[in-house]
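First comes the structure, then the notes that go with it.
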Amino acid sequence: MSEAPSPSALDIAPLMAPVNRLAGVGAARAARLAHLLGRESAADTRIFDLLCHAPHAVVDRRIGIPIDDVPDGAAATLTLQIVRHEKRVQKRGPIRAIGTDGASELALTYFRGGSDWLQGAAPIGGFVRATGTVERYKGRAQMVHPEALESVEGPDGAAPETAIEPVYKLTDGLTRGVLRGLIDAALETLKPIGDWHDGALAAREGFLPLHEAFAALHHPTARDDPAATRRLAFDELLASQLALAIVRDRDRTARGIARTWDEAAVDALSAEIPFALTGSQRLAIAEVSADLQSEHRMLRLLQGDVGAGKTIVAAYGAQMVAASGAQTAVMAPTDIVARQHFETLTKLLTPLGRRVDLLTGRITEPAREETLAALGDGRVDVVVGTHALFQNTVSFANLGLVVVDEQHRFGVQQRMALSAKGPQSDLLVMTATPIPRTLVLSQFGDMDVSRLTEKPPGRTEIETRAVPLGQLGAVVDRLEMALERGDKAYWICPLVEENETLDIAAATERHAALAKRFGGAVGLLHGRTPTAERERIMGAFRDGTITVLVATTVVEVGVDVPDATIIVIEHAERFGLSQLHQLRGRVGRGERASRCLLLYKAPLGPIATERLATMRATNDGFRIAEDDLKLRGEGELLGTRQSGSATFRFANLAEDSALLAIAADDARRVVATDRDLKSPRGKALRNLLTLYERRRAIERLRSG
Ligand code: ADP
Ligand code: MG
């Protein structure tokens, strides 16, 4: 008896082969596949990519399944005996043939045709096989204009070829039949290959072998078959976690600088701060300090709800780095926030003899030229800026620390571009969206995390209410009373997707309406307000000349006016949960009780209803972020849609967080025990990285 050779995990050639290797795929078809599968070119479209094109639904063509087993909105093929017809009652109303499966009834509904036609197509007493989407309307199942309707002999008609058929996203010139044929051909080229999984782990999790997982994905035997996608989701998560672990391992051991400074410099800063630090601020500062002193590069995420006081932590980092003789760059997402950080840091650090400069797109010559020169020769200790900071013209004498505020607004690329200006620089990422653990893992790998869990003392809970837009008049009346008592309010105007002009028009209109009532005490701020005007308005709002600030979402991030106590958010149903929470965080920063009014347009859809309920129920940013992840998915929460980094094809972070944790542990273990992926499993894992195109990790492995 000869033993079958065990399949090799190194044989990924059939998966890496371009799709034009398949019979029937010429240049034109390969180009269509590239388009369908989102690949750059035909040559770059692999058989693996075709196999990863998962069906987005299945059509259940099993015969004789009970009507009640078909979920609402699902397509099915049902065998029915027609029991009666329902005539058209109104001129444009439907006619119906009512059929039964013995237990329940279903209406075949037509808005065309007459009684004679219906009697021909679905005669009373006869059996029909109807294919179409089943919906429930007023408690009864119906199929409106079935895709197919044929007469059959009786309830046990012949079974169709495939009982459950996958449904794929298609593209021009590629029909369903052709695509299925190609996928089947691709499945045929696939031989069993050995696995890159840890054997014990795969057995415990019941993962299918890869070729079986692909077969199950494309030939489902049930409506819902998680077994196939679970293994593929794990592969995807493992590839991403392993790549992050490798890059991070290389980053850490890339020599950082063990910084030293005179503790007196830190004490001097403490003396400048007019309040006592919270316990979690002190802890975060100690962690940053330890990182800066270690010879590893710092990769630290500082999470803290809005108003938790992250800026102070950054100020300590900057002061330590300055005292060690190096520079700090602080990157903010918007001009307003950059300016605010600039003011805070100037106030704290210039009395200690530091030079703090501002560099944004709005800073013009010759100030800009001077700042660039002073950064280049080391006269500037701290520079605060926006995207302008990572332009080529900016170079540092000795960049030691990069602080990135509100990370989710920047792409990873941009962060790297800035880090590259100081190859040994430490990195502190500050985020006010309290990213759940799951997302930290998937996006940053296991970065070190400091969390500001306490709020500075004297903060009050914010009372949140949802009010329909119909009650706008009453809201304005109450606002008037509050203003008379000396309150200050933000009035945030609706977000119109991808159309700044419309946002501004809406805000301008609201400003005019409120100004009619409250006169000059109403200010307006939006994305196109010129800098000087912005500064004047923010200043006036701070000192109380303006008491109602109408704004678009430009005030979302970072703006700090501690005695503002009311925020009205118009069309709250158009905002995401995290965004609402960020906006709400503009108030509740002082001693006085604060309120948030969510004005919504009724009726609310289910997601918006849930969002507003969450907002009313909690002020806890972490809980809100978790809910947001469930409601919106990871792409939007992290803003990766804009920054273009791909989200997962099989994995879903909201549902697969347990799987992600397993992948993260596994990846960490691999890097700890087999850092260069040299063991047999390590070599197989290199193939996983290749399939999932983790190029950066692969390069880092090569360069050692
Ligand atoms: P965020 O975490 O949202 O960036 P900031 O750093 O802007 O928060 O701080 C919000 C406000 O709280 C600022 O006015 C800051 O001066 C103040 N603050 C920070 N830490 C404390 C503290 N420990 N005690 C009192 N006020 C504080
Ligand atoms: Mg901030």
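Both counts, for ligands and for their atoms, begin at 1 and track the order of listing.
Residue Pro456 has at least one heavy-atom neighbour below 4.0 Å for each of these atoms of ligand 1: 20 (N), 21 (C), 22 (C), 24 (N), 25 (C), 26 (N), 27 (C). Shown in contact with Asp305 at under 4.0 Å from a heavy atom are these atoms of ligand 1, numbered in order with element: 2 (O). Near Thr278, with a cut-off below 4.0 Å to any heavy atom, the atoms of ligand 1 are 23 (N). Against a heavy-atom cut-off of under 4.0 Å, Leu277 is close to the following atoms of ligand 1: 23 (N). When each atom of ligand 1 is checked for a heavy atom of Thr311 under 4.0 Å away, the hits are 4 (O), 5 (P), 6 (O), 7 (O). Residue-ligand proximity, Arg589 to ligand 1, at heavy-atom distances under 4.0 Å covers atoms 3 (O), 10 (C).
By the 4.0 Å heavy-atom criterion, Ala276 is counted among the residues contacting ligand 1. Under the 4.0 angstrom criterion for non-hydrogen atoms, Gly304 is not in contact with ligand 1.
For the pair Arg611/Leu604, no side-chain contact is recorded, criterion being any heavy-atom separation below 4.5 Å from C-beta on. Side chains of Leu598 and Thr464 form a contact here, defined as non-hydrogen atoms less than 4.5 Å apart. Side-chain contact between Leu302 and Leu452: present, with at least one pair of heavy atoms (C-beta onward) separated by less than 4.5 Å.
Checking side-chain atoms of Glu573 against main-chain N and O of Lys601 turns up a donor-acceptor pair under 3.5 Å. Not one N or O on the side chain of Arg259 forms a donor-acceptor pair closer than 3.5 Å with the backbone of Gln293.
Ligand 1 has no nitrogen or oxygen under 3.5 angstrom from a nitrogen or oxygen of Pro562. Between Gly309 and ligand 1, at least one N/O pair is under 3.5 Å apart.
Residue contacts with ligand 1 for Thr344 are absent, since no atom lies close enough (heavy atoms, distance under 4.0 Å).
Each of His581, Glu463, Glu461, Lys455 was evaluated against Asn619; a single residue qualifies, Glu461, per the side chain to side chain donor-acceptor pair (under 3.5 Å) test.
Between Asp563 and Arg542, none of the side-chain N atoms (NZ, or NE/NH1/NH2) sits under 4.0 Å from a carboxylate O, so this pair counts as no salt bridge.
Considering CD1 of Ile285 and CE of Met320, their distance stands at 6.5 Å, rounded to 0.5 Å.
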